[in-house]
Q: 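Sharing a structure, written as structure tokens. Questions coming.
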Amino acid sequence: MPDVPAQVPAPGGADDLAGACVRYLDMLRHVRRLSPRTLVNYERDLGDLRQRAQLAGAGLGGIGPQHIRAWVAALHGGGMTPRAIAARLSAWRGLFSWLGLQGLVASNPLQDVRAPRAARPLPKAISVDQAVALAAYAPQDHAPASADRRTEQTQALSLARGRAIAELLYSSGLRVSELTSLDTRYTRAPGHESAGWVDWDAAEVTVLGKGGKRRSVPVGAPAMQALRDWLALRPAPSGDGGDQAALFLGPRGRRITTQRVWVELRERARAAGLPTAVHPHMLRHSFASHLLQSSGDLRGVQELLGHASIASTQIYTRLDFQHLAKVYDAAHPRAKKR
């Protein structure tokens with residue numbers, strides 16, 4: 001005997017919000033084919049909507065912007081994050097948009113309602129002294145010569161590669177993906193064309209950033225020397241054409257991965273005695289904030305970072321102010337007086 005679909009009352013009465021939610025979820029499941037996990041989130045968010053509407057005595061046609069704003073305030077007051085509130089409003093907004101297309105509601109009560117603005121956290125940066133210590137780190141206590149020459153070579157390679165990576169990230173503010181894509185020089189061969197490369201004569205690197213935008217960034221003298229030292233030790237690549245041209249090779253002789261850069265940088269920071277876990281993007285933040293503190297040239301920092309919008313770079317002005325505030329608190333005679 002064939003299954004008989006459940007009869008859901010048509011949305012029109014004051015108590016028909018539940019039926020509307022059932023039909024909307026059915027559409028998301030069978031027409032838009034959302035994943036089970038996403039559907040669970042929708043069910044939770046729409047269930048919350050039904051409960052709040054029931055407590056307010058508001059049916060499908062009686063929910064207005066004043067209800068939504070009050071519910072948003074309640075969610076925020078209850079400790080829900082702005083991002084989570086925005087996701088919940090998105091589910092509610094989608095329901096009423098769909099009902100509007102069906103001609104079942106006259107307007108969308110969420111049209112002009114927005115979630116609370118999330119505080120944008122400051123990017124983490126290390127101090128100038130910490131950045132220099134990280135880049136210049138070399139073991140102070142030399143262990144006795146190992147009988148295993150291969151182990152000594154591996155340690156020397158790792159140290160040279162780590163120094164070159166740290167110097168270059170801090171010197172030029174590269175993204176880790178831009179760093180790992182660098183070739184020793186521009187190469188165009190079957191199956192491989194350089195996305196980024198080093199110009200040894202001009203002391204700069206050319207990289208392919210977000211949005212397929214190419215930019216050239218200067219490299220400081222210490223970083224260039226670290227790159228030359230690494231290149232003198234760089235082993236013969238073991239991979240294909242892309243690996244053959246790669247500037248940085250991992251332990252297996254193939255182009256280094258972003259994960260490997262993260263691991264080696266964290267280990268180097270720990271060995272150098274830095275009090276915080278350092279990751280590649282932290283050096284990019286440090287490059288930008290230190291350069292802005294020294295030059296005050298926001299537009300220049302934008303170009304060096306490869307930001308499409310100046311708004312993305314302006315967050316470093318907050319870092320700069322944070323630095324100035326610390327200087328003021330430490331130096332001004334009346335800074336700590338109430």
Side-chain angles (χ1 to χ4, degrees), residues 131-139 142-143 145-209 214 216-272 278-280 283-284 287:
V132 171
L134 176 68
Y137 166 74
H142 298 285
S146 171
D148 187 348
R149 184 170 178 80
R150 180 175 296 181
T151 300
E152 291 182 5
Q153 291 176 340
T154 300
Q155 292 173 345
L157 281 172
S158 179
L159 190 63
R161 180 175 58 233
R163 178 181 169 225
I165 287 174
E167 287 278 15
L168 184 55
L169 286 173
Y170 181 59
S171 172
S172 303
L174 303 185
R175 300 178 178 93
V176 65
S177 59
E178 295 169 347
L179 178 133
T180 57
S181 67
L182 283 173
D183 289 345
T184 57
R185 61 184 57 81
Y186 176 74
T187 304
R188 186 172 185 177
H192 176 75
E193 182 176 4
S194 297
W197 61 89
V198 182
D199 187 329
W200 301 95
D201 295 328
E204 64 182 29
V205 290
T206 298
V207 295
L208 190 66
R214 198 175 296 281
S216 294
V217 189
V219 181
M224 288 299 297
Q225 186 58 52
L227 290 176
R228 291 189 180 94
D229 293 343
W230 156 250
L231 203 61
L233 297 174
R234 174 179 173 268
S238 60
D240 56 15
D243 294 327
Q244 293 287 326
L247 175 62
F248 291 110
L249 300 175
R252 297 185 179 181
R254 304 185 69 92
R255 184 182 296 272
I256 198 168
T257 64
T258 58
Q259 293 84 356
R260 185 71 191 181
V261 174
W262 273 71
V263 170
E264 293 199 1
L265 196 60
R266 185 170 61 246
E267 291 177 350
R268 186 179 182 86
R270 186 184 301 113
V278 176
H279 55 79
L283 289 183
R284 177 171 162 88
F287 159 84

Q: How about W262 and P280: do any of their side-chain heavy atoms sit closer than 4.5 Å?
A: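 In short, these two side chains touch, coming nearer than 4.5 Å.
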Q: Would you say the side-chain atoms of W230 pair up with the backbone N or O of L159, donor to acceptor, closer than 3.5 Å?
A: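 Not a single qualifying donor-acceptor pair exists.
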Q: Given side chains that start at C-beta, do those of L174 and L182 come closer than 4.5 Å, heavy atoms only?
A: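 Heavy-atom side-chain distance check passes, below 4.5 Å.
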Q: Quick check: do V278 and R266 have side-chain heavy atoms less than 4.5 Å from each other?
A: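 They are not in contact (no side-chain heavy atoms under 4.5 Å apart), so the answer is no.
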Q: Could you check whether any side-chain heavy atom of P235 comes within less than 4.5 Å of a side-chain heavy atom of L157, counting everything from C-beta outward?
A: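 A side-chain contact under 4.5 Å exists here.
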Q: Say you draw a straight line from OG of S171 to CD of E204; how long is it, rounded to the nearest 0.5 Å?
A: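 S171 OG to E204 CD: 11.5 Å, rounded to 0.5 Å.
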Q: Can you give me the closest heavy-atom contact between G242 and H192, atom names plus distance?
A: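 Where G242 meets H192 most closely, the heavy atoms are CA-ND1, 3.5 Å.
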Q: Taking side chain to side chain contact (heavy atoms under 4.5 Å, CB included) as the criterion, tell me which of V205, L169, V207 meets it with L179.
A: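 Output: one option passes, namely L169.
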Q: Looking only at non-hydrogen atoms, find the nearest pair between L233 and A160 and report the distance.
A: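 Of all heavy-atom pairs spanning L233 and A160, the closest is CD1-CB, 3.8 Å.
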Q: Do the rings of W197 and Y186 sit parallel, tilted or perpendicular, given the 30° and 60° boundaries?
A: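 Perpendicular: the ring planes of W197 and Y186 meet at over 60°.
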Q: Treating R163 as the side-chain partner and Y137 as the backbone partner, does any N or O pair qualify as donor plus acceptor under 3.5 Å?
A: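 It does not hold such a pair.
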Q: Quick one: closest heavy-atom pair of P218 and S172, and the distance?
A: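 Distance-wise, the nearest heavy atoms are O-OG, 2.9 Å.
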Q: Give me the atom names and distance for the closest heavy-atom approach of A164 to F248.
A: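 In this case the closest contact between A164 and F248 is CB-CE2, 3.8 Å.
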Q: Check salt bridge (Lys or Arg N to Asp or Glu O under 4.0 Å) between R260 and all other residues, then give those that pass, not counting sequence neighbours.
A: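 Counting only residues at least two positions away or on another chain, R260 forms a salt bridge (Lys or Arg N to Asp or Glu O under 4.0 Å) with E264.
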Q: Do L134 and L283 pass the side chain to side chain contact (heavy atoms under 4.5 Å, CB included) test, and can you show the C-alpha distance, the side-chain angles, and the key distance before you say yes or no?
A: CA-CA 10 Å; L134 176 68; L283 289 183; 3.9 Å; yes
Q: Could you give me the CA-CA distance, side-chain angles and deciding distance for T258 and T180, then say whether side chain to side chain donor-acceptor pair (under 3.5 Å) is met?
A: CA-CA 7 Å; T258 58; T180 57; over 6 Å; no
Q: Do V263 and Q259 have side chains that get closer than 4.5 Å, going by heavy atoms?
A: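 The answer is no, as the side chains (C-beta and beyond) never meet within the 4.5 Å cut-off.
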Q: Report yes if some heavy atom in the side chain of T184 is under 4.5 Å from a heavy atom in the side chain of R234; otherwise report no.
A: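 With C-beta onward as the side chain, the pair touches.
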Q: Could you go through the side chain to side chain contact (heavy atoms under 4.5 Å, CB included) check for T206 and D199 one step at a time?
A: CA-CA 8 Å; T206 298; D199 187 329; 5.7 Å; no
Q: Taking atom CZ of R185 as the centre, report whether more than 12 heavy atoms of other residues, nucleotides or ligands fall under 6.0 Å from it.
A: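 Check fails, neighbour count at 12 or below.
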Q: Knowing that exactly one of V176, D243, V261, L247 qualifies, which makes a side chain to side chain contact (heavy atoms under 4.5 Å, CB included) with I256?
A: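 Single side chain to side chain contact (heavy atoms under 4.5 Å, CB included) partner of I256 among V176, D243, V261, L247: V261.
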Q: At what distance, to the nearest 0.5 angstrom, does CG of D229 lie from CD of E167?
A: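 So the CG of D229 and the CD of E167 are separated by 10.0 Å.
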Q: Is any side-chain heavy atom of M224 closer than 4.5 Å to one of W200?
A: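 A side-chain contact under 4.5 Å exists here.
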Q: What I'd like to find out is whether the side chain of S238 reaches to under 4.5 Å of the side chain of R254, using heavy atoms alone.
A: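 Sidechains of R254 and S238: in contact.
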Q: Within a 6.0 Å radius of atom CZ on R252, are there more than 12 heavy atoms belonging to other residues, nucleotides or ligands?
A: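 No, not enclosed.
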Q: Say whether, by atom type as modelled, one donor and one acceptor occur between the side chain of E178 and the main chain of R175 under 3.5 angstrom.
A: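 Answer holds: yes.
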Q: Could you pull out the closest heavy-atom pair between A272 and A133, with the gap in Å?
A: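 Closest approach of A272 to A133: CB-O, 4.3 Å.
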Q: Run the salt-bridge test on R255 and D183 with the 4.0 Å N-O cut-off and return the result as yes or no.
A: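 Salt bridge: yes.
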Q: Looking at E193, is its backbone amide N or carbonyl O close enough to the side chain of T187 to form a donor-acceptor pair, meaning the two atoms are under 3.5 Å apart?
A: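 Side chain of T187 to backbone of E193: no pair is present.
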Q: Sub-3.5 Å donor-acceptor pair from the side chain of S181 to the main-chain atoms of S177, do we have one?
A: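 Side chain of S181 to backbone of S177, a donor-acceptor pair under 3.5 Å: yes, one is there.
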